[in-house]
S.K.: 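Pasting a structure below so you can have a look.
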Amino acid sequence: MYDHQNLEKKWQKRWQDSALYQTGTDPAKPKYYILDMFPYPSGAGLHVGHPKGYIATDIFARRRMMQGYNVLHPMGWDAFGLPAENYAIKNKLHPRAATAANIATFKRQLGLLGLSYGWDREINTTDPKYYKWTQWAFLEMWKKGLAYESSEPINWCPSCQTGLANEDLEDGKCERCGSDVEQKPMRQWVLRITDYAERLLADLEKLPDWEESIKEMQKNWIGRSEGAEIDFKIKDTDQAIKVFTTRVDTIFGCTYVVLAPENKLVVALKERVKNWPAVEAYLAEVKNKTDLQRTDLNKEKTGVLLEGMQAVNPFSGEAVPIFIADYVLNSYGTGAVMAVPAHDERDFEFAEKYACRIRKSVASLDDPENKTFGGCYTADGVLVNSGEFSGLSSESARLRMADWLEEKKCGLRKINYKIKDWVYSRQRYWGEPIPLIHCAKCGVVPVPEEELPLMLPEVDSYEPTGTGESPLAAITDWVNIKCPSCGGPAKRETNTMPQWGGSCWYYLRYIDPDNNEALVDKQKEAYWSPVDFYVGGAEHATRHLIYARFWHKFLYDLGVVSYDEPFTKLKHVGLIMGEDGRKMSKRWGNVINPDEMVAKFGADALRVYEMFMGPFEQAANWNTNGLVGTRKFLEKIERLSAEGPLPVKEDKKLLSLLHKTIKKVGSDIENFRLNTAVSALMILANELTEYRNAHQAWPFDAARFSCLLQILAPFAPHLSEEIWERLGNQGSIFKSVWPQFDPALIKDETVNLAISINGKLRATIEAAADISEDEAVVLARDNEAIQRWLAGKEIAKIIFVPGKLLNLVVK
RNA sequence: GCCGCGGUGGCGGAACUGGUAGACGCGCUGGACUUAAAAUCCAGUUGUAGCGAUACAGUGCGGGUUCGAUUCCCGCCCGCGGCACCA
């Protein structure tokens, strides 16, 4: 009888009592640090999809344990941030209480699954002992000038009532609540992640064990483009419009210049603009558009001519008109472009509408008139109408023209990035207080290090104020303090840090969770770091994973960590969708609760099923029938040993299969191909069952049978441990040594040799594994079916793949 | 539009660097056991034709390379994810 409920309870208790999962620290052993992205303890608890990644890392960790590693496999809570706070507000709880309750639920649910976390290293980003170091790292950034105050317009979510970083948007909407985001000028703390853009991009090369897709997403996000910044002097003034372009080679085709509506030059030029009322009207029109409307690619381009002025092309000396148009973004490059309608589609579209000149300066090699391109040829070619540069290829022209610019001092080579500096302050309660003080006399002064952590104070109301200030601003006796520098009156910074702050470095804290003197002890860091294997959702590719790399590089520059990339190997977990193929959510009523599944089918069956569903990285639809299948598989294993060991009647083939399975399961776990590992275990179980039924015996002894349990144990720990004990083995199966396969036993003596004629399979013949080509041909000629295909034909060619196939080409 | 990933039975999915397509699981069909059912065990299950051995077709579509292509190349179609007036 497979009584999973009692069995799981029994072993979970024993494992806990014996501290099985305590992180090993034997310095003689190699280390392995395997990490899950720690969860956000939401109010809804876990659904069946959440633990998929945890189960996979648990399997990996248990195997490493059995391979004799010190394994660090910790878990903790990313508990600051908007959802927890919103949940608390909705349920009229203090966020701290809501968070604690949610963590308890999560922890209980994870426990039910038999995950091997060493809870002695549990961390929580909302714990002052933890966020002391988040604040400390922030202050170090501030000291290095990497945290700065800015009043530029930022993304503002009117529903969450807080500023947001670019990374917090999805399709121009708040990633959390889906509201349309506005641009609002606000005083903000911003982190200079752009200073690290080049390293964040270049160092992706150091990460061969990251999935290509994630690296591509980061590359896109960082968005490096190489080009030039060029000064277009405004005629009859000493001012100039700076434009950024990646296509200097097209500059002789420039027929006008465009400023973004928000470009500061626009207002600066007010006095000289002859049609200012029209310009002002356009600016107002643009201001009324939402970001979504503005960036809608299908909308018609609009703009307005700045009358009474012209910009001078430094190459040709030609004066061209200046427009304002909102297809130029102020937030990228210089907020101004040189328009080359003949070689840029956006400029072309605008030029057609506003009847600007279109002048070709690059000719296609295949079609020098660019006739086939409908007036707009955007690829590289040969320069024409380009003065001394005519005749050059685009590529060499870009080099020569950049040289020319720098020589004449009217421009320079420039690299631009799409990534923006990280808007780091939130006008909300539930976050780490930013440990800075504003003094009228001294300016911004840091909270002295010995006063960290700066505790998040209690407030009467932690609901967002909507005034652009956080609820902390209302606590006057907290806000008003003496300046630590001059002793004069000063005010605390009242914004808090964003949700992503605490998760930027948490993986370091697991290494040394209780250290009050340092973020992490150097020796311990040197031993455990970097994280060998990191597993989590792909949605973090351009948020957490960029932020954490940024912080880590900063900490590396500070000398806090010994290597400049935090995560050696990275895999993303594919979502588990509902049975209807949609994302699991309350909204669709398709959520499957793991507690129920564990109660009904057992934690082991659930674990095996989630691994068996398909490739780990791939999304898969839940199907409870599949869970029934893995349950049956475990029952089959249980039955094989229900009354303890059976008499042994040795069988070579099955012993060989056992060793093949040991090999396959090992390499599959290593490659995270857990679905095929399960399938290999199933095949072995099926064969053993068949043998048992035929002979009322095992094909090998209990010691070898135990090997099956050892390779099953990471997947189905409770049942494996139970049978392990039942067979008389001493100590926990997870203290045993992972079995080795015997290469000699894996070799097959005979194979089914495929015989094909002209590449089509016509027969299979059982033959010795090391059969020679000549012998194989003899066998084939003896075969009746093959004889029919050879009748009246001549063998023109023989292809022989040893141990696999013989192909006869006949005419 | 750009970048990435994918398309294989009724379903989830296997198939190592080109070498027996459909492993394993679900579902379905039949059988054994049972008074019966469940469970279990055994057999079958890509399509078409045939009682059958077998033959032909078959991995999104159209071509190509090869003795041989799910795998490689060229041109398309569809789905998913990311980025997007980024100059």
Side-chain angles (χ1 to χ4, degrees), chain A residues 170-172 211-221 223-225 227 243-247 250 258 260 294-299 301 325-329 331-340 343-347 349-350 416-419 538-539 541-542 572 574-575 608-609 612-615 617-630 632-633 635-636 639 667 673 675-683 685-686 689-690 692-694 751-764 784-785 788 796-801 803-810:
Chain A
E170 235 163 46
D171 293 329
E211 284 172 54
E212 216 40 56
S213 60
I214 305 259
K215 287 199 272 189
E216 279 304 317
M217 281 162 79
Q218 293 210 350
K219 279 179 199 167
N220 280 341
W221 191 261
R224 181 185 198 271
S225 51
V243 303
F244 174 73
T245 180
T246 56
R247 293 294 306 274
T250 65
V258 192
R294 264 190 78 167
T295 51
D296 180 4
L297 283 166
N298 297 320
K299 80 157 201 221
K301 296 198 174 10
D326 69 353
Y327 80 91
V328 174
L329 305 175
S331 52
Y332 183 78
T334 59
V337 302
M338 62 176 212
V340 186
H343 305 295
D344 181 284
E345 280 175 21
R346 296 153 301 181
D347 298 338
E349 196 193 313
F350 187 85
N416 257 315
Y417 301 92
K418 280 197 257 185
I419 192 170
E539 70 273 18
T542 54
H572 87 266
L575 289 179
V608 174
Y609 173 59
F612 187 58
M613 288 177 86
E617 305 82 6
Q618 199 172 297
N621 295 352
W622 181 264
N623 179 0
T624 304
N625 278 336
L627 179 52
V628 173
T630 55
K632 283 185 188 166
F633 157 65
E635 284 173 358
K636 196 175 274 184
R639 270 197 303 276
S667 66
R673 296 161 55 121
N675 54 332
T676 52
V678 172
S679 142
L681 288 164
M682 284 173 166
I683 291 170
N686 291 344
T689 296
E690 198 172 322
R692 194 262 327 261
N693 291 343
V751 291
N752 284 323
L753 194 69
I755 314 291
S756 57
I757 307 289
N758 293 341
K760 268 189 184 275
L761 180 73
R762 295 303 177 187
T764 59
E784 211 181 308
R788 277 207 310 276
K797 198 175 172 186
I798 298 170
I799 286 131
F800 181 64
V801 182
K804 282 223 157 138
L805 135 160
L806 175 73
N807 183 30
L808 303 174
V809 184
V810 301

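In what follows, chains are A, B, ... by sequence order, proteins preceding strands, each numbered from 1. These numbers were taken from a predicted model, which means no experiment stands behind them.
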S.K.: Would you confirm whether Asn416(A), through its side chain, and Ser225(A), through its main-chain N or O, come within 3.5 Å as a donor-acceptor pair?
M.R.: no
S.K.: Compare the minimum distances between each of rG13(B), rC85(B), rU40(B) and the side chain of Gln618(A), then state the nucleotide with the smallest one.
M.R.: rG13(B)
S.K.: Just checking Asn625(A): base, sugar-phosphate only, or nothing, at a heavy-atom cut-off of under 4.0 Å?
M.R.: sugar-phosphate
S.K.: Give the rounded distance in Å between these two atoms: CG of Asn416(A) and P of rC85(B).
M.R.: 15 Å
S.K.: Just compare rA15(B), rC16(B), rG13(B) and give me whichever is closest to any side-chain atom of Thr676(A).
M.R.: rA15(B)
S.K.: Distance between the P atoms of rC78(B) and rC61(B), in whole angstroms?
M.R.: 15 Å
S.K.: Rounded to whole Å, please give me the gap between CG in Asn621(A) and P in rC26(B).
M.R.: 18 Å
S.K.: Do the charged groups of Glu635(A) and Lys632(A) touch, with an N to O distance under 4.0 Å?
M.R.: no
S.K.: Picking from rC85(B), rU40(B), rC67(B), which would you name as closest to the side chain of Asn807(A)?
M.R.: rC67(B)
S.K.: Could you work out which one of rA14(B), rC67(B), rG19(B) sits closest to the side chain of Lys797(A)?
M.R.: rC67(B)
S.K.: Does either side chain, that of Ser756(A) or that of Asn807(A), offer a donor lying less than 3.5 Å from an acceptor on the other one?
M.R.: yes
S.K.: Given the C1' atoms of rU45(B) and rG22(B), what is the spacing between them in whole Å?
M.R.: 12 Å
